[in-house]
Amino acid sequence: MASISLRGVQKAYGDGALVIRDVDIEIGENEFCVFLGPSGCGKSTLLRMIAGLEDVTDGDLSIDGRLVNDVPAAQRGVAMVFQSYALFPHMTVFENMAFGLKLAKTPKDEIDRKVREAARILQLEALLERRPKALSGGQRQRVAIGRAIVRQPGVFLFDEPLSNLDATLRGQTRVEIARLHKQFAKASVVYVTHDQIEAMTLADKIVLLHAGKDTERYGSIAQIGAPLELYHRPKSRFVAGFIGSPRMNFLPGRVQSIDSQGVLVTLDHTGENVRVPVSGEGLQAAQPVTLGVRPEHLELLDAAAANDDAVLTRTVSLIEQLGEHSYVHLDQPGGAVLIAKAPGDTRLVPGDEARLRVPRATCHLFTEDGFAAASLESVEHYA
């Protein structure tokens, strides 16, 4: 088992431009940590730095308490599973899985025992004499995982291992990886993906990374936390918009008033008022803000609301029927679209007028710089 520590880590290439900036991460023993973010944010670069395949330009990278900035990849005690499988086409499944052990001059009987045990766990026993060309994509990925398992490393590194699989295989293999982590609970896992479903379902901790100009302004890390922490308590509009599918609805408005119950926001274009249970510290009347509310938190009403929550009225433009539930697209003044989650058998059709209750306990408020206003301590907000 091994912990991983990155302190003030930065990465620059030949032109001196930083692609990884001011990264501070602590990954505990046995922890499943996911690096998540849009394309070009440096997820794979950060993973390759941990693996020893990329140099650290500045800062300290430690594995199990040992500084490894200048330690070769082979001596770091990590095993990496690549997106492209990286299997030897002329070798059998057994030979591919045994390759690292043979290089380490492991005794033959121990190699045989470790490979067959990993094959049993990964349900590859019947495929050990096949070559990679005779395997499906999912089977190849399991062989690549098996090659990592037999080495019994302290750290497993996964670089978008499911991106080459179809949707069904992605789901199946995701479950297998989660199950394997529980079986090999002594190992820490660092997993790179751009797929938030993988991140939300697998991670103990998510490291969400910025991309582009946001990296220059705020550093590479947008937020670190448990999946539901990022979902329910996003620290910025970027985090709120990236986590969740469909993404959070954003409605522009202005501060109407501030009191002990929170901030009253008047929406642009419609003049509707929504009270948000956040601290008014740093805010002032008439200040531009953005109200955030997730599609699943908007409640479609058949009758008038029976409490103090805000009610919005919008025209239905599109219905996405997905069986168990539907997503209702509603026209927003100013050309934007509001999305609400509805039962799969909703009777709404395009052109209908819909009324939506906005439960204030589920609302978020973002200032012009994109940061979230803090929740009131007196309001119970996603315990």
Under 3.5 Å side-chain donor-acceptor pair for [X] and [Y]:
| X | Y | answer |
| --- | --- | --- |
| Glu198 | Thr193 | yes |
| Thr367 | Asp369 | yes |
| Gln83 | Ser163 | yes |
| Arg254 | Gln287 | no |
| Asp331 | Thr315 | no |
| Arg174 | Thr201 | yes |

Assess whether side chain to side chain donor-acceptor pair (under 3.5 Å) is satisfied between Arg275 and Gln261, documenting all intermediate values. CA-CA 8 Å; Arg275 185 173 296 281; Gln261 297 300 308; over 6 Å; no
Donor-acceptor pairs under 3.5 angstrom involving side-chain atoms of residues 98-107: please list them, not counting sequence neighbours.
{"residue": "Thr106", "atom": "OG1", "partner": "Leu101", "partner atom": "O", "Å": "3.0"}

Give the intermediate values and the outcome of side-chain contact (heavy atoms from CB on, under 4.5 Å) for residues Arg247 and Phe242. CA-CA 7 Å; Arg247 55 173 270 173; Phe242 196 90; over 6 Å; no
Nearest atoms (heavy-atom pairs only) where [X] meets [Y]:
| X | Y | answer |
| --- | --- | --- |
| Met248 | Val293 | CG-N, 3.5 Å |
| Ala372 | Pro234 | CB-O, 3.4 Å |
| Leu53 | Ala73 | CD2-CB, 4.3 Å |
| Asp159 | Met80 | CB-CE, 4.0 Å |
| Val274 | Cys363 | CG1-SG, 4.2 Å |
| Val78 | Arg151 | O-NH2, 3.1 Å |

Strictly below 4.0 Å, N to O, side chains only: are [X] and [Y] in salt-bridge contact?
| X | Y | value |
| --- | --- | --- |
| Glu216 | Arg21 | no |
| Asp112 | Arg116 | yes |
| Glu368 | Arg237 | no |
| Glu117 | Lys114 | no |

[Y] backbone acceptor or donor facing [X] side chain under 3.5 Å:
| X | Y | value |
| --- | --- | --- |
| Ser188 | Val155 | no |
| Asn249 | Ile339 | yes |
| Arg130 | Val93 | no |
| Thr290 | Phe250 | no |
| Ser62 | Gly65 | no |

Measure from the ring center of His329 to the ring center of Tyr327 and say whether it is less than 6.0 Å. no
Reference residue Phe35; test side chain to side chain contact (heavy atoms under 4.5 Å, CB included); the match among Ile50, Ile221, Ile206: Ile50
Apply side-chain contact (heavy atoms from CB on, under 4.5 Å) to the pair Arg314 and Leu312, showing each step before the final yes or no. CA-CA 7 Å; Arg314 299 289 186 272; Leu312 311 181; 3.9 Å; yes
Enter the distance from Leu338:CG to Ser317:OG here, rounded to the nearest 0.5 Å. 9.5 Å
Are more than 12 heavy atoms from other residues, nucleotides or ligands located less than 6.0 Å from atom CD1 of Ile197? no
Going through the checks in order, is the side-chain contact (heavy atoms from CB on, under 4.5 Å) test met by Glu26 and Ile224? CA-CA 10 Å; Glu26 299 293 332; Ile224 300 177; over 6 Å; no
Taking the six-membered ring for Trp, are Phe371 and Tyr218 parallel (under 30°), tilted (30 to 60°) or perpendicular (over 60°)? perpendicular
Chi angles and distances behind the side-chain contact (heavy atoms from CB on, under 4.5 Å) call for His364, Leu291: CA-CA 6 Å; His364 303 264; Leu291 174 73; over 6 Å; no
Within the structure provided, determine whether Leu36 and Ile243 are in side-chain contact (heavy-atom separation under 4.5 Å). yes
Side-chain heavy-atom pair Val9, Met49 within 4.5 angstrom cut-off: yes
